[in-house]
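Only one structure is covered here, and it is reproduced in the block below.
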Amino acid sequence: MYKINDLYDLTHSQAKDYLSKYEYPWQALKGIKDFIIELGETLGDEYQEVNEHVWIHKDAKVFDSAYIGSPCIIGAGTEVRHCAFIRGSALVGENCVIGNSVELKNVIIFDNVQVPHYNYVGDSILGYKSHMGAGSITSNVKSDKTLVVVKDRFNHEEIETGLKKMGAMLGDYVEVGCNSVLNPGTVIGINSNIYPLSRVRGVVPENSIFKELNDIVEKK
């Protein structure tokens, strides 16, 4: 089962020290809100606290029509586009794109991540230079409302998370194709690609191409 250091180069996030406290990335989800508030209080003059517990870097670009709830940190060079809806508990790194009509909630977004068009990302962590194609979403609650179990069928391993809400853990350099659904408890290894229109659940190996559940091939 992939652990935090298997999925992420932590030097590409202000959450480095926070994430380092955990073994698996989903273990960090419960504390994101408090962590952002604590981190925000330590930020320097290059950030402006535009509302209570909402810090935006002076080099970030936020469209007037975007909504940014508390707590939230927006990093340098990041663009938050028209009608983005950041509900809160969102740490967005540097040089990211949060696009039109994108919704974020309880997330850690590493540097250089693109979530550019009509995406929902909730209770998730997106690694460095990961990209979600237009319309792709992280589904964070099971239809039967039971607790999420992360299932790695390749290594015949299952881990009970104890969480009712868990979206997806995307490793660094992951590409998610348009209109894909990442089901609760999805974990995608580094440098992997997800075909458009995919329905993904469980663990996807690193350096692979997910075509469908029973057709996952190694990148060459």
Side-chain angles (χ1 to χ4, degrees), residues 2 7-8 12-13 25-26 61-63 65-67 74-75 77-87 90-143 148 150-151 153 165-220:
Y2 289 128
L7 294 169
Y8 307 113
H12 293 296
S13 175
W26 55 84
K61 180 179 180 180
V62 179
F63 283 52
S65 58
Y67 174 87
I74 305 293
T78 286
E79 185 173 292
V80 182
R81 292 176 177 167
H82 179 66
C83 290
F85 179 33
I86 300 179
R87 287 166 53 187
L91 172 61
V92 182
E94 298 181 356
N95 303 311
C96 294
V97 174
I98 309 301
N100 59 302
S101 305
V102 168
E103 180 177 351
L104 302 181
K105 171 254 182 187
N106 200 50
V107 295
I108 294 174
I109 308 291
F110 276 59
D111 298 339
N112 295 84
V113 170
Q114 292 192 346
V115 191
H117 311 287
Y118 306 104
N119 308 101
Y120 172 70
V121 183
D123 301 287
S124 299
I125 299 176
L126 307 188
Y128 177 65
K129 286 194 174 181
S130 59
H131 170 260
M132 295 191 67
S136 60
I137 66 169
T138 65
S139 174
N140 61 338
V141 180
K142 296 173 65 176
S143 59
V148 177
V150 178
K151 299 180 179 181
R153 66 192 185 97
K165 293 185 177 182
M166 175 191 163
M169 307 290 120
L170 271 59
D172 295 343
Y173 304 102
V174 165
E175 290 279 344
V176 179
C178 296
N179 292 317
S180 293
V181 177
L182 309 181
N183 284 282
T186 295
V187 179
I188 304 177
I190 61 172
N191 195 39
S192 286
N193 290 56
I194 307 298
Y195 264 26
L197 301 174
S198 293
R199 295 172 294 171
V200 186
R201 66 175 66 250
V203 175
V204 176
E206 63 184 27
N207 299 307
S208 64
I209 299 173
F210 182 102
K211 299 180 180 181
E212 55 185 33
L213 184 60
N214 295 313
D215 191 4
I216 302 173
V217 300
E218 184 179 357
K219 276 188 174 180
K220 296 181 180 179

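Proximity of L182 to L170: side-chain heavy atoms (C-beta onward) are separated by under 4.5 Å at one or more points. The shortest distance between side-chain heavy atoms of V217 and K211 falls below 4.5 Å. The closest side-chain heavy-atom distance from I137 to E103 is not below 4.5 Å. Looking at E79 and F63, their side chains come closer than 4.5 Å, going by heavy atoms from C-beta outward. With contacts defined as side-chain heavy-atom distances shorter than 4.5 Å, the pair I216/P205 qualifies. N100 has its side chain within reach of Y118: a pair of non-hydrogen atoms, C-beta onward, lies under 4.5 Å apart. Residues S180 and M132 are not in side-chain contact: their nearest non-hydrogen atoms beyond the backbone lie 4.5 Å or more apart. Counting heavy atoms from C-beta outward, L7 and I125 have side chains that stay 4.5 Å or more apart.
Atom NZ of K61 has 12 or fewer neighbouring heavy atoms from other residues, nucleotides or ligands inside a 6.0 Å radius. Summarising the local packing, CZ of R199 is surrounded by 12 or fewer heavy atoms from other residues, nucleotides or ligands at distances under 6.0 Å. The local environment of CZ in F85 is crowded, with over 12 non-hydrogen atoms from other residues, nucleotides or ligands closer than 6.0 Å. For K165, the NZ atom sits in a loose shell: 12 or fewer heavy atoms of surrounding residues, nucleotides or ligands are nearer than 6.0 Å. For R201, the CZ atom sits in a loose shell: 12 or fewer heavy atoms of surrounding residues, nucleotides or ligands are nearer than 6.0 Å. Heavy atoms of other residues, nucleotides or ligands lying less than 6.0 angstrom from NZ of K151 number 12 at most.
Distance check, rounded to the nearest 0.5 Å: CD of Q114 to CG of L126 gives 12.0 Å. Annotation: the span from S101 atom OG to R81 atom CZ amounts to 12.0 Å, rounded to 0.5 Å. Interatomic distance, I188 CD1 to E175 CD, rounded to the nearest 0.5 Å: 11.0 Å. Interatomic distance, I86 CD1 to I98 CD1, rounded to the nearest 0.5 Å: 6.0 Å.
Aromatic ring orientation, Y173 versus Y128: perpendicular (interplanar angle above 60°, classes split at 30° and 60°).
Scanning all heavy atoms of the two residues, the minimum distance from V115 to V102 falls at O-CG2, 3.2 Å. A66 approaches V80 most closely through the heavy-atom pair CB-CG1, 3.9 Å. The two residues G171 and Y8 come nearest to each other via the heavy atoms CA-CE2, 4.0 Å. Between S136 and G177, the shortest heavy-atom contact is CB-O, 3.6 Å. Taking every heavy atom of both residues into account, Y120 and R87 meet most closely at OH-NH1, 3.9 Å. Across all their heavy atoms, M166 and V187 have their closest contact at CE-CG2, 4.4 Å.
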* Taking it one step at a time, do N95 and D111 satisfy side-chain hydrogen bond (donor to acceptor under 3.5 Å, both in side chains)? -> CA-CA 6 Å; N95 303 311; D111 298 339; over 6 Å; no
* Decide yes or no on side chain to side chain contact (heavy atoms under 4.5 Å, CB included) for M169 and Y2, but give the supporting numbers first. => CA-CA 10 Å; M169 307 290 120; Y2 289 128; over 6 Å; no
* **I209 vs K219, side chain to side chain contact (heavy atoms under 4.5 Å, CB included): CA-CA, chis, key distance, verdict** => CA-CA 6 Å; I209 299 173; K219 276 188 174 180; 3.8 Å; yes
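At distances below 3.5 Å, at least one donor-acceptor pair connects side-chain atoms of S192 with backbone N or O atoms of N207. Without hydrogens or angle criteria, S65 side chain to C83 main chain gives a donor-acceptor distance under 3.5 Å.
A side chain to side chain donor-acceptor pair (under 3.5 Å) with N140 is found for exactly one of D123, N106, T186, namely D123.
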